[in-house]
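Ligands are counted one by one from 1 in listed order, and the atoms in each one are counted from 1 as well.
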Amino acid sequence: MSILYKSTRGVDGVTVTASQAILQGLAKDGGLFVPTELPKLDVTLDELKDMSYQETAYAVMKQFLTDFTEEELKACIANAYDAKFDTEEIAPLVKTDKAYYLELFHGATIAFKDMALSILPHLMTTAAKKNNAKNEIVILTATSGDTGKAALAGFADVPGTKIIVFYPKNGVSPIQEKQMVTQKGDNTFVVGIHGNFDDAQSGVKAIFADKALAEEMDKAGFQFSSANSINIGRLVPQVVYYVYAYAKLYANGEIEKDEKINVVVPTGNFGNILAAYYAKQMGMPIDKLICASNDNKVLYDFFKTGCYDKNREFILTTSPSMDILISSNLERLVYKIAGNDAVKDVALMKSLNTDGSYEISEEMKAELADFYGNYASEAETAEEIAKVYGDTGYVLDTHTAVASAVYGKYVAETGDAKKAVIASTASPYKFTRSVMNAIDAEKYNAMGDFELVDELSVISGVAVPNAIEEIRNAEVRHNTVCDANEMQMIVKQFLGI
Ligand SMILES: *Cc1c(COP(=O)(O)O)cnc(C)c1O
């Protein structure tokens, strides 16, 4: 069966192939590409339970990327999930009394973004070949901290591509910033902006939507694409690890066949949790999708009231990769619960654009029963890190701690005792200062960033990851800073047009 993609705002009903959707990133009308139908898995749990990560990836991704040949897709997978990961399992599960933490941070940049961004460059260059693209691809990315580095690592020195990353100058952790500004590769460009993540993301979307610029680019031999989770080539690889995690729980005798589990996801742009929802739609026995927010709890309010309202203060938290008020991928869910109705979607997104808010109908609200939303405050997040460390010796990063704390609230509220998988989205080494402060503020407050790294290794018994060692003494290669309204000019400067 072949799966095609259409835009959430595609009132004309035009469809494209998977490879075309990956190449374009965002649809020309500003909408996001969605599959015309969500495919089912065509393998059984008993087959899945014996599969490696790579085999699982093929079983899942072939259902979505139907215009890639077996050979193409398998080559992409083999090149992505290799020794860049520090464990053969790729995404190991860690069991505690509370839940199973699905560690998604064993890739090159120690955040879950590696799970998709280590394969996206391969999918994209394969897609370019399949479609005889003549232009050089310019990846334009807004980052709340983790996407930027993972995309840089994925695209650095990939022939036929350039990558430009915009990050909020004062909105990322010291380690995140150092990881980005020390990035090597002649085709990489990193820019801090005076503004927050939403400013960066809106700026990038505006550049994508600028038709005159697209023409100018085309004349100069360039075309834009996106490495953000608005690209379907990011979303599809993220479905894989939910299928894999379930199959491993079953293989290890932790759950019965077809036993329902809950999944908890620390959420920002709504990409990771949407992938879990897609895994459920493919047939995995997942019950609740628990959407965890930090103090920027726009999604919690949405699930509670049916009203999405970004008109509020943007709060900088210790989980910066979730400091987002416009969760782009929610549009894919909104489109679906509107009955795949692009006209309705356009109306709601227009309202978001002009008033900063929209409200869904009661009918649509009823379609959200799979989801539960809650949030953890800064104090609750820090307490969770200290508590889990105190109880088990396991050190959570701040984002995973938000999810873990929200899961505690969910169980207290509902009494639901189903087993749960918590998406563990970053290594604590990426957020050492916040993590160590949560464990013992007095003791660690005065230490430098890399002293804290060494101390974390001592208290957790986990070796310092390569990704941290390599930036310890690395030279800063990028120091451009600009205002949000200068982003387009900076892009042109970099491309020499
Ligand atoms: C990006 C990120 C998130 C949020 O994921 P979304 O797909 O944007 O919802 C959570 N935690 C970490 C560590 C991240 O890097």
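Heavy-atom proximity to Ala426, at under 4.0 Å, picks out these atoms of ligand 1: 13 (C). The ligand atoms of ligand 1 that sit less than 4.0 angstrom from a heavy atom of Gly271 are 6 (P), 7 (O), 9 (O).
Counting all heavy atoms, side chain and backbone alike, Thr161 lies closest to Thr125 at CG2-CG2, 4.3 Å.
Polar contact with ligand 1: present for Asp146 (N/O pair, distance under 3.5 Å). In terms of polar-atom proximity, defined here as any N/O pair under 3.5 Å, Thr267 makes no such contact with ligand 1. Among the atoms of Gln238, none of the N or O lies under 3.5 angstrom from an N or O of ligand 1.
Annotation: atom 7 (O) of ligand 1 to nearest protein heavy atom, Asn272 N, 2.9 Å. From the protein, the heavy atom lying nearest to atom 1 (C) of ligand 1 is Lys113 NZ, 1.4 Å. Of all protein heavy atoms, the one closest to atom 8 (O) of ligand 1 is Asn269 N, 2.8 Å. Closest to atom 11 (N) of ligand 1, if we only count protein heavy atoms, is Thr425 OG1, 2.8 Å.
Ring centroid separation for the pair Phe112 and His399 does not come in under the 6.0 Å cut-off.
Atom 9 (O) of ligand 1 has its nearest heavy-atom neighbour, among Gly148, Ala275, Pro266, Gly268, in Gly268.
For Phe112, every heavy-atom contact with ligand 1 shorter than 4.0 Å involves the side chain, none the backbone.
Checked by atom type, the side-chain pair Tyr101/Ser404 shows a donor-acceptor distance below 3.5 Å. Thr109 and Gln179 are not linked by any side-chain donor-acceptor pair at a separation below 3.5 angstrom, with hydrogens and angles left out of the test. Counted by atom type alone, Gln24 and Ser225 present zero donor-acceptor pairs between their side chains at under 3.5 Å.
For the salt bridge (charged side-chain N to carboxylate O under 4.0 Å, His left out) with Lys430, the lone residue among Asp146, Asp449, Asp397 that qualifies is Asp146.
The main-chain N or O of Lys288 is found under 3.5 Å from a side-chain atom of Asn262 such that the two form a donor-acceptor pair.
A salt bridge is absent between Glu89 and Lys248: the closest approach of a Lys/Arg side-chain nitrogen to an acidic carboxylate oxygen does not fall below 4.0 angstrom.
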